[in-house]
Amino acid sequence: MSVRTRRDQTCTWCGRPVADSGTGRKRRYCRQSCRQRAYEQRSAMKETSIPDDAVILTAEEASAAADRAFEVRCAAEDVSTAVTEGADTAELHRLCVELLTKARDAERLR
């Protein structure tokens, strides 16, 4: 089983979760509007030298992605500090849940 099929499927355009249809090919988009935006982008890119698999982000989107990565690093440092200082299990659990939440959020590009 590939990594893509083991974890929750997310929209190729916006990163939201995509409902599993159960049969047939896995859906790539969460809704028709995302599918349309992706088509429009592919059509606009046909006449450029930018590769088809390139991810183009606005400055705001790139900054938000960098901010999310920074939050993940800070959360990981919090876990490390708590372990070093001998925090109790409940505190470590809370910090790990926060780290996982931030890591999942950081996976999306848009």
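Just so it is clear, the values below take in all heavy atoms, side chains as well, and ignore hydrogens, waters and symmetry mates. Heads up: numbering here begins at 1 and tracks the sequence.
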Between Glu107 and Arg104, does any NZ, NE, NH1 or NH2 come within less than 4.0 Å of an OD or OE carboxylate oxygen? no
For the atom pair [atom1] ([X]) and [atom2] ([Y]), what is the distance rounded to the nearest 0.5 Å?
X: Cys34; Y: Arg28; atom1: SG; atom2: CZ; value: 12.0 Å
X: Gln41; Y: Trp13; atom1: CD; atom2: CH2; value: 4.0 Å
X: Glu60; Y: Asp67; atom1: CD; atom2: CG; value: 10.5 Å

Exercise: identify the closest heavy-atom pair between [X] and [Y]:
X: Pro17; Y: Cys30; result: O-CB, 3.8 Å
X: Cys11; Y: Cys14; result: SG-N, 3.5 Å
X: Lys102; Y: Ala75; result: CD-CB, 4.1 Å

Taking the side chain as everything from C-beta on, heavy atoms only, tell me whether Asp20 gets closer than 4.5 Å to Lys26.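 The answer is yes, as the side chains (C-beta and beyond) meet within the 4.5 Å cut-off.
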So do the side chains of Val18 and Tyr29 get within less than 4.5 Å of each other, counting heavy atoms only?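 No, side chains not in contact.
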Main-chain N/O of Ala76 paired to Ser80 side chain as donor or acceptor, under 3.5 Å: no
Side-chain donor/acceptor pairs under 3.5 Å, residues 90-99, sequence neighbours excluded:
residue: Glu91; atom: OE1; partner: Arg94; partner atom: NE; Å: 3.4
residue: Glu91; atom: OE2; partner: Arg94; partner atom: NH2; Å: 2.8

Using side-chain hydrogen bond (donor to acceptor under 3.5 Å, both in side chains) as the criterion, list what pairs up with Arg35, not counting sequence neighbours.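 For Arg35, no residue satisfies side-chain hydrogen bond (donor to acceptor under 3.5 Å, both in side chains) once neighbours in sequence are set aside.
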Test side-chain hydrogen bond (donor to acceptor under 3.5 Å, both in side chains) applied to Arg27 - qualifying residues, sequence neighbours left out: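 Not a single residue meets the side-chain hydrogen bond (donor to acceptor under 3.5 Å, both in side chains) criterion with Arg27.
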Audit row: Glu40, Gln36, side chain to side chain donor-acceptor pair (under 3.5 Å) steps and yes/no: CA-CA 6 Å; Glu40 290 168 356; Gln36 181 65 31; 3.3 Å; yes
